[in-house]
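In what follows, every heavy atom counts, from backbone to side chain, and hydrogens, waters and symmetry copies are set aside.
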2 protein chains.
Amino acid sequence: MSFIEKARRAQIVECAIETIAEVGYAQASLGQIAKRAKISKGVISYHFANKEELLEQIPIEYYMAWQSYIAPRIEAQKSPKEMLRVYIESNLTFVDENRKHVFAVIETVSNQRTADGKLRFAADHDETILLPIENILTLGMQEGIFREFTRPSARVMALTIRNAIDGFTIELMRKPHLDVQEYTRELVTIFDKSTKK
Amino acid sequence: MSFIEKARRAQIVECAIETIAEVGYAQASLGQIAKRAKISKGVISYHFANKEELLEQIPIEYYMAWQSYIAPRIEAQKSPKEMLRVYIESNLTFVDENRKHVFAVIETVSNQRTADGKLRFAADHDETILLPIENILTLGMQEGIFREFTRPSARVMALTIRNAIDGFTIELMRKPHLDVQEYTRELVTIFDKSTKK
DNA sequence: CTTATTTTAGTACAGTCGTACAAAAAAACA
DNA sequence: TGTTTTTTTGTACGACTGTACTAAAATAAG
């Protein structure tokens, strides 16, 4: 892949993100995206096989950036309690610093569907996103720091934590001047208390 | 409004719900909805001013049914702790018994936009949905049963509870055989612990 | 039964969509 | 430099959208 190819693809994906963040997934047409990038629609077709391939890049790019931001911060912690705190804190910070992108990911993941109408990214969600949280919970339980979790109840806990983070994103779009620090502190408190023995 | 008018509108709204639940908001065209109802597109135009008015009915209908289901159950409780438990329990039961409708509401509320691209139902969400939870929290704090909440931290708590319920809905669509009872029990535990002193 | 009203089906239309494609422009290479 | 390859533009096309509208059908009223 040439330099120009990479740069163009990056630019187009960036404009797709901005477009989705602004007008929503349903209204984000190739025409809209091209206009924002100040290029012809044909350029998008030239660099991407189709619209689907373009929109796929948004979650893919995001997951990579997300992982390389979150993972080392968690690994730097010793106790599961601290891991959970850092997981929440670093997620909210990451969201705060990548507002448009994260919002575009949520829009894409919850809207993009395959030809038969099923949600495209529904399956990936579990293993990629939920597993790390479940691992922290299991670890904390084994060390006797967290309360007892069955496999299903750890899953509910993980889902609830994840929903809280995604919900924060949507709230942040609605209220851009939200006090992120305060929100973070409160979420840490909530899930600290709810995992305690 | 005549009898036929009411029946037709109800039928069309019902088919709109089913269509959205099945193929998603973006793909739910009037043609699709009409086909499902086995009527001509023209009938929809006759009974509804436009597509927007039709899709509005989905959240409106839902909020009314939701309120008349939830409110009396909460009012029947004495302590805030019980109120919170019943709020969670009755919400999950309501979702479980109205899967398609609730999912269609989430799709509609998080996708329907005004002409200028802004989310249509973003504003309503707060007052209608969040306030009852905030009231329970405030009550519990005043009675000394719950821990201290500032106004913003009570709001985060309310949002987190609400996100947990909405997230449960989406999980239920992904995994229709989910153990609802177990999920409910775990959510009650989580928020019981996290509101305790 | 006749007439008026409500409701339905079917079609037409203007607009937007994603994609395909030909020609022009730019860049890379010799 | 001239030649080839890569990239961009602009347009055209078929498919699909929501809405408008006409004529037919069904129902209600007199």
Requested in this report: State whether a side-chain donor-acceptor pair under 3.5 Å links A:W66 with A:N98.
Outcome: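 Note: A:W66 and A:N98 side chains miss the donor-acceptor criterion.
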
Query raised in the report: Out of curiosity, does B:I165 fall in the hydrophobic cluster containing B:V105 (side-chain heavy atoms, cut-off under 4.5 Å, transitive links)?
Result: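 B:V105 clusters together with B:I165.
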
Given atom [atom1] of [X] and atom [atom2] of [N], what is their separation to the nearest angstrom?
X	N	atom1	atom2	result
A:Y25	C:dG18	OH	C1'	12 Å
A:I44	D:dG10	CD1	C1'	14 Å
A:K51	C:dT16	NZ	C1'	11 Å
A:K38	D:dG10	NZ	P	15 Å
B:Q11	C:dT8	CD	P	9 Å
B:I33	D:dT17	CD1	P	10 Å
A:I39	C:dA24	CD1	C1'	17 Å
A:E5	C:dA28	CD	C1'	15 Å

Requested in this report: Verify the ring-centre separation between A:Y87 and A:F191: is it less than 6.0 angstrom?
Outcome: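 Centroid separation for A:F191 and A:Y87: 6.0 Å or greater.
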
Query - Any donor-acceptor N/O pair under 3.5 Å between D:dT9 base and A:K41 side chain - result: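 A donor-acceptor contact between them is absent.
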
Do any side-chain nitrogens or oxygens of [X] fall under 4.0 Å of OP1 or OP2 in [N]?
X	N	value
A:H47	D:dT8	yes
A:Y46	D:dT7	yes
A:S40	D:dT8	no
B:S29	D:dT17	yes
B:R8	C:dT8	yes

Report task. Identify whether any heavy atom of A:V43 sits under 4.0 Å from a base atom; if not, whether one sits that close to sugar-phosphate; answer base, sugar-phosphate or nothing. Result ->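 Base: the residue A:V43, judged by heavy atoms under 4.0 Å, touches a nucleobase.
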
Query raised in the report: Which value, rounded to the nearest 0.5 Å, describes the distance between B:T189 atom OG1 and A:F149 atom CZ?
Result: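 If we round to the nearest 0.5 Å, B:T189:OG1 and A:F149:CZ are 9.5 Å apart.
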
Query raised in the report: Mapping A:Q32 and A:A49 onto DNA chain C by nearest heavy atom, which one lands closer to the 5' end?
Result: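 Upstream on the strand: A:Q32.
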
Query raised in the report: If you measure from the Lys or Arg side-chain nitrogens to the Asp or Glu carboxylate oxygens, is any gap between B:E186 and A:R147 under 4.0 Å?
Result: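 Salt bridge between B:E186 and A:R147, a charged N being under 4.0 Å from a carboxylate O: yes.
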
